[in-house]
Amino acid sequence: MTAFEIDARQVPFNNGDNILKAALNAGVEIPHFCYHHALGSLGACRLCAVEVKPEQPEQRPRVVMACMEPARAGLKVSVAAPAALRARQGVIEFLMTNHPHDCPVCDEGGECHLQDMTVACGPPYRRYRGRKRTFINQDLGPLVHHEMNRCITCYRCTRYYQQYALGTDLGAMRLRNEVYFGRFQDGPLESPFAGNLVEVCPTGVFTDKVFRSRFARVWDLDTAPSICPHCSVGCNTLPGARLGTLRRVRNRDHAELNRWFLCDRGRFGHQYTEHPERPWQARVRGQTVNYSDALGAALDQLQRAGAAVAGVGSPREDLESNALLQRLIIRHGGFFAAFTDPGIEAATAHAVRYINRMGTPTLAAMEHADAILVAGELTAVAPMMDLGVRQASRNKAKVGVIHHVADPLATLADYDIRLAPRQTSVALKRLQGMIATTAEQSSGDEHGLAQLAATLMHAQHPLLIGVVETLGAYGVAALAKLAQSLGGQAALAYALPGPNAYGAAIVNEDGATQKVLEAVETGKVRCLVVTAADPLGDTRTGWRWREAVGRLDSLIVMDCVDSATVRAADILIPTAAWAERSGYFINYEGRVQCFDRVFERDKPLPASVAVIADLANALDLGAGEPRVAIADLLPGIALPLAGEPGIRLTPRVRLDVPPPIESVAGATGHWQVGLASWYGDDPLADHAAALSSLAPASTATIAPDTARIAELATDARVMLRGPAGSLPLPLCIDANVAEDTVALPRSAMCQIGVGHGGYVELEAMP
Amino acid sequence: MEVVLTPRITPAGPLGLEAYRVAGGYTSLEAAFDLKPDGVIDVVEAAQLRGRGGAGFPCGLKWRLRGSDAPKPRYLICNLDESEPGTFKDRVLLYGDPHQLVESMIIAAYALQVQRAFIFVRGEYAQGASGLTTAIAEAEHAGLLGDNIAGSGFDLRLEVHVSAGRYICGEESALVNALEGRRPNPRPRMPRISAQGLWGQPTTVNNVETLVNVPHILRNGAEWFRNLGIHGGTGPKLYGISGKVDRPCLVERSMGSTARELIYEHAGGPQAQRQIIGFMPGGASTPFLGPDQLDVVMDFEAVAQAGSRLGTGAIIVLDDLSCPVAVVLNLMQFFARESCGFCTPCRDGLPYAAQILSDIVAGRGHVGDLLLLEELCEKIAPYSFCAFAPGATMPLQSSLRVFRDHFEQHLAEGGCPYANRGQRP
Amino acid sequence: MAEQPNQNDIHPTERIKKDRAAIVEVMMELQAKRGFLDDQDVIEAARRTGLSPTEVEELASFYTLIYRRPVGRRVLLVCDSVCCAMNGSERLLNTLERRLGIALGEVSRDGAVTVLPSICLGLCDRAPAALLNGEALGPLDDARLDALLLELKRSR
Ligand SMILES: Cc1cc2nc3c(=O)[nH]c(=O)nc-3n(C[C@H](O)[C@H](O)[C@H](O)COP(=O)(O)O)c2cc1C
Ligand code: SF4
Ligand code: FES
């Protein structure tokens, strides 16, 4: 690596770097506004003026924009030169002609890049005598607040929104000193990544509206390094709390994962911690009790049940709680499962095994793929993986999406293959066939698949991403097979169902979920302990759980959000939300990450692991130490601390499990159900008021052709019938849905008792 | 001087294809096809034709630098966005003789081996654009455009783009963005549009007046062309003379004619009893010259030596009834209004300067304002993203010199002396 | 005008299905109906080009000759740049406002006209000049102004 000089400091650079980029990477500050690591140089703000010393003595020094000037070996640059200083002061003075100077009431105050630059560069006076131009703000929805008068026209917002996140509903309007950043009309920002505007904007134009409703100055916030609990990506976050409540979540840089950004679910989902229905009080059979009474009641039940106990952990529960509950239950002689749906368990277990065997790319690495196949709705399940795919797409990767609806990624897909849920794994097998035997003929209507196969085959770095929840075990295996037939270059990743789904999978024994469910159903279990899971609210098996729990003597539930299971609990022990405790998650890559406790409430709730440890100690089962439980699970791993980049479990070859056989057992009805999910859709974020106010309406959505054949009219209401009952829903006819499919929201699926890919009857209501 | 570019332009309106052919039109195509593309460029280079869009870059060199091996597809764009105040030469060429432009585009496209060319016309000239579209249709019909033009094997599609206003669209990289349907902000200097312009492909942009010289060069030779100029200039030049003159007009004269000749002989000089107090030699973005510089030779080097720029050759004359401070304010308001808003110095610096000027004109000037204006110019022009802001500050900066006493008088008398005398224009 | 494949850093959806380059033409065509673009027209322009309404607005709001508010049956652009200003355009604009009883940018009561100031119209040889629906007018003196106002009044 070669170097150049900035004010007598040697600054190394990579080929293609500009002066500013190299300087910032080396920790040398050059004032700037429009440059941003993720967005690159624009050359619009003109603040990064520096002086370049002449190479020939007779030449004069030049003032250049550091962000536009290529770094060259031997270059002598001065940030401090008077000419550069003057140029920067000019820029600041110009920007300040219209700035409202409303720092005392501005949410950005204290972490405002504009404030910092103004103080750093000067000038310390104001000379402009004219009136300031003013703007009318827009209502951009419940998440982001708009205050246009503070704008300094650095174009970061639209560059981020349009070019990076590939959104189309925020733009730069008008011209001269009236350039306006906003939407065509008032209305919520449509991008699932809109919240990043809050951090991308160097001043207070876009601020966090949720934070704003309970604002605190940045210097008053309690913070600690944390991990996002809303999906399996495991983005690094910096939550901020004040006076015992969580106020906001910001991005925390992780070089291989989220880097500069977060999705809106990660940023705004934290409001579940303040949901009015959040369980705060322990309860025993409807009576509010204190913690030790609840614990006593639970102990009593466990002891009474003897070995007839079962435990259910969760992919959204941390590693130590899962591990400890498993030890407790097993030592007690009972059954433990970390999942509530045997289908999801099998699919997750397979995915984890394939990841273990074949490795998986980091989020940053995904951006370098040149052909990507996504099976399932990534935006809804692992939004930041979607953002990674968007980056690859910007880098000219070809993108294929196989899903039953046109999801957000489909709009930029080169191959948008829309199939009924059960057709997905068939298509994956077809693709594999096409690749394995190039000679295999494709029929006319497989044209898209054939092109996709060719694209994947000819790519240098093909990447396959599967959404585990909707693929099912069979689809998971089909995707892995496809990756194998693409050869060594192919990368494989799965979006797992929960922040710690990987951890749950390694705690869980194969088939455990089925065993637990059947044991409860057949009355073999007297006492069931559930932590951070909602078996009764499950789409496919919820109805079975709902019937089965009637046979129990007691249902003991620990959770930090309200749910069907919480409401059905005989003994409820509310637990701390993730920011109120510390713990470990294992993300989709098999990366063990630690999150720290950010704050303590006035009346702190116990972490679930503490409750389990209390139970275990009282039962004297010797299962009490969470660290021991983890150490047994992950032998030889030195657990990372919070704030560290985490430790990736090195691939451990496990036995090759036979690929699952897809079954259609129990299929009744003619319509295949597809899960209609959206980016705010997870068990925690469902309870975040602002975010969930954006949830799409609950409808049964079908394709126009299908509607015509079934003689259904646009404004009809339909009655859906499934194994667990029937439900009326308004009909929505939408060409974005695959034929013969009815797309339903999770809650509707749960009520009628059908999972993704299951079958229902549907008929028009009079 | 022999009138070359404008003889067919009459109040009766433009010539149709047949009449244009009778007047000798489209005969240069044959000469071009005989010469082969590089040969055409050689002749244009030998003719020392310099760009008429404002910067005076040698046309032949621009074409040569694009390179005959530039990746395909490549594009040619005729810049007919003419919006520089004082400038109306391109309008006359468009409305008066569209076939001449079509013929020029065919030859330029041939020289550059371009198969798709555009004429970018400012929206205010929509009527002229429709005449041009008719001319193109006639030419297509006659086999002068389209596939295998006149049996030469050369194909060309020529399209008219009618824009929707804004001065900045004339800046060539902003123009390329506009043509792509993007916001017409200028692009960074690198990569050059000659390498990566329209849709990322090699693109050549030329002003209309530059292009219409080309057929005549091919018909009559480089030497003939060079000799049309005087005082060291080459070729003919369309000079506009407007502002406070008796008969504002457009004339075609030898490149190198003097400002005095143009103003006095062709535009009738100042109105009766009036005196010239200064002029801009090349449109609103060129520095002012004083009455003592009327003998300046209106060619690129000579005007530059006199401290200004030839620009578009549009002379704007100020007489002793026009308050120069008010004129400069008008100019700055123009530039502030037309700034695309991309970079800070231009977007926020120009309105700042305009604000001070309006204070001065309104009698609210401060003692240090002239120094402040100087300082603003120094903080705007060198650090702006494109050439718009330097062009905007040049008249201001020069006016502080040329019209110093007027500025001082404004400050001293607490307002515009012209207005105070009831004479404000 | 159809877009070519391009190499720049461009929105991936654009590689696939946008016809951005036609946007000015499309907006002008829609504007020809009633003289200006209302929100529905912006949405329609978006539909025709594959852009979003916001992306259309980014352009509509940039250009001088795209009107996003109602205008009269005819639009009178009065040049206020340097040559016309030296020759009395300010007075012209004031007179027009007074005699039509409207401010610049408003629609006259009979719906006949909207007067807008304009940058240099390239009619400096006819200063002070104006453009009435693309028709060049100038030099505008008091007599010509009277005739113009009469014509505007008569036009239906
Ligand atoms: C702000 C600005 C406005 C311009 N407007 C025009 C214009 O209206 N017409 C034009 O031909 N060139 C204009 N130019 C110059 C063009 O950028 C470009 O240099 C020219 O079209 C090249 O043509 P030529 O080499 O034939 O002169 C403008 C430049 C700037 C910086
Ligand atoms: S809104 Fe913020 S990000 Fe956008 S241009 Fe203004 S200051 Fe920059
Ligand atoms: S950071 Fe260089 S111009 Fe903005």
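Note on naming: letters A, B, ... go to the chains in the order of the sequence lines (proteins, then strands), and numbering restarts at 1 for each one. The basis for the numbers below is simple: all heavy atoms, side chains too, and nothing from hydrogens, waters or symmetry mates. Everything quoted here is computed from the prediction, not taken from an experiment.
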Q: Set out, in order, the CA-CA distance, both residues' side-chain angles and the distance that settles side chain to side chain contact (heavy atoms under 4.5 Å, CB included) for B:Leu93 and B:Leu238, then state yes or no.
A: CA-CA 10 Å; B:Leu93 290 171; B:Leu238 297 181; 3.7 Å; yes
Q: Determine whether B:Ser285 and B:Tyr167 make a side-chain contact, defined as any pair of heavy atoms from C-beta on separated by less than 4.5 Å.
A: yes
Q: Taking 4.0 angstrom as the limit, do B:Asp320 and B:Arg274 come out as a salt bridge?
A: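 Looking at B:Arg274 together with B:Asp320, the answer is yes, because their closest N to O distance falls below 4.0 Å.
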Q: Heavy atoms under 4.5 Å from chain B: which residues of residues 33-46 of chain C carry them?
A: none
Q: For the interface with chain B, which of C:Ser89, C:Cys79, C:Cys83 has the highest count of heavy-atom pairs at distances below 4.5 Å?
A: C:Cys83
Q: Any non-hydrogen side-chain atom of B:Pro324 less than 4.5 Å from a side-chain atom of B:Ser399?
A: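 No, their side chains stay 4.5 Å or more apart.
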Q: Given the options B:Glu82, B:Lys89, B:Arg337, B:Glu84, which has more heavy-atom pairs under 4.5 Å with chain C than any of the others?
A: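 Among B:Glu82, B:Lys89, B:Arg337, B:Glu84, the one with the most close pairs to chain C is B:Arg337.
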Q: Would you please classify the geometry between the B:Phe118 ring and the B:Trp199 ring as parallel, tilted or perpendicular, with 30° and 60° separating the classes?
A: perpendicular
Q: In terms of heavy-atom proximity below 4.5 Å to chain C, should B:Ala314 be classed as side chain, backbone, both, or neither?
A: neither
Q: Where on B:Val92 is there a heavy atom nearer than 4.5 Å to chain C: the side chain, the backbone, both, or neither?
A: neither
Q: Heavy-atom distance under 4.5 Å to chain C: side chain of B:Glu124, backbone, both or neither?
A: both
Q: Are B:Thr203 and B:Gln201 close enough that a side-chain donor and a side-chain acceptor fall under 3.5 Å?
A: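 Their side chains do not contain a donor-acceptor pair, so the 3.5 Å distance test is not met.
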Q: Given that the side chain runs from C-beta out, which part of C:Val82 has a heavy atom under 4.5 Å from chain B: side chain, backbone, both or neither?
A: both
Q: Would a 4.5 Å heavy-atom cut-off, applied to side chains only, mark B:Phe279 and B:Ile241 as touching?
A: no
Q: First locate atom CG of B:Leu318, then atom CZ of B:Phe288, and finally report the distance between them rounded to the nearest 0.5 Å.
A: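 Nearest 0.5 Å value for the CG-CZ distance: 5.5 Å.
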Q: Do B:Arg91 and B:Phe88 meet the cation-pi criteria used here (NZ or CZ under 6.0 Å from the six-membered ring centre, within 45° of the axis)?
A: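 Pair B:Arg91/B:Phe88 does not count as cation-pi.
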Q: Heavy atoms, side chains only, cut-off 4.5 Å: are B:Arg183 and B:Phe342 in contact?
A: no
Q: Below 4.5 Å, heavy-atom pairs only: which of C:Ile23, C:Leu77, C:Val24 has the largest tally toward chain B?
A: C:Val24
Q: Among all residues two or more places apart in sequence or in another chain, which pass the side chain to side chain donor-acceptor pair (under 3.5 Å) test with B:Asp90?
A: B:Asn207
Q: Taking atom CZ as the centre, does C:Arg69 end up with more than 12 heavy-atom neighbours from other residues, nucleotides or ligands that are less than 6.0 angstrom away?
A: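 Result for CZ/C:Arg69: open.
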Q: Mark yes when over 12 heavy atoms from residues, nucleotides or ligands other than C:Arg48 sit less than 6.0 Å from its CZ; otherwise mark no.
A: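 Yes, because the 6.0 Å sphere around CZ of C:Arg48 holds more than 12 heavy atoms from other groups.
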Q: Would you say B:Ser322 and B:Tyr418 make side-chain contact, with heavy atoms under 4.5 Å?
A: no
Q: Could you give me the CA-CA distance, side-chain angles and deciding distance for B:Ile119 and B:Leu158, then say whether side chain to side chain contact (heavy atoms under 4.5 Å, CB included) is met?
A: CA-CA 8 Å; B:Ile119 303 176; B:Leu158 182 56; 3.9 Å; yes
Q: Take atom CD of B:Gln271 as the centre, draw a 6.0 Å sphere, and report whether it contains more than 12 heavy atoms from other residues, nucleotides or ligands.
A: yes
Q: Give me the contact list for residues 130-148 of chain C versus chain B, heavy atoms only, anything under 4.5 Å, ordered by residue number.
A: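 At a heavy-atom separation under 4.5 Å, chain B is reached by C:Leu131, C:Asn133, C:Gly134, C:Glu135.
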Q: Compare all side-chain heavy atoms of C:Asp80 with those of C:Val78 and state whether any distance is below 4.5 angstrom.
A: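 No, every pair of side-chain atoms sits at 4.5 Å or beyond.
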Q: Side-chain contact, heavy-atom cut-off 4.5 Å: B:Glu338 with B:Arg166?
A: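 Yes. Closest side-chain heavy atoms under 4.5 Å.
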Q: Is it the backbone or the side chain of B:Cys169 that comes under 4.5 Å from a heavy atom of chain C, or both, or neither?
A: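 The side chain, not the backbone.
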Q: For B:Arg122, which atoms come within 4.5 Å of any heavy atom of chain C: side chain, backbone, both, or neither?
A: side chain
Q: Heavy-atom distances under 4.5 Å only: say whether B:Thr87 touches chain C with side chain, backbone, both or neither.
A: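 For B:Thr87, the contact with chain C is made by the backbone alone.
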Q: Could you name the residues of residues 116-127 of chain C that have a heavy atom within less than 4.5 Å of a heavy atom in chain B?
A: C:Pro117, C:Ser118, C:Ile119, C:Cys120, C:Leu121, C:Gly122, C:Leu123, C:Cys124, C:Asp125
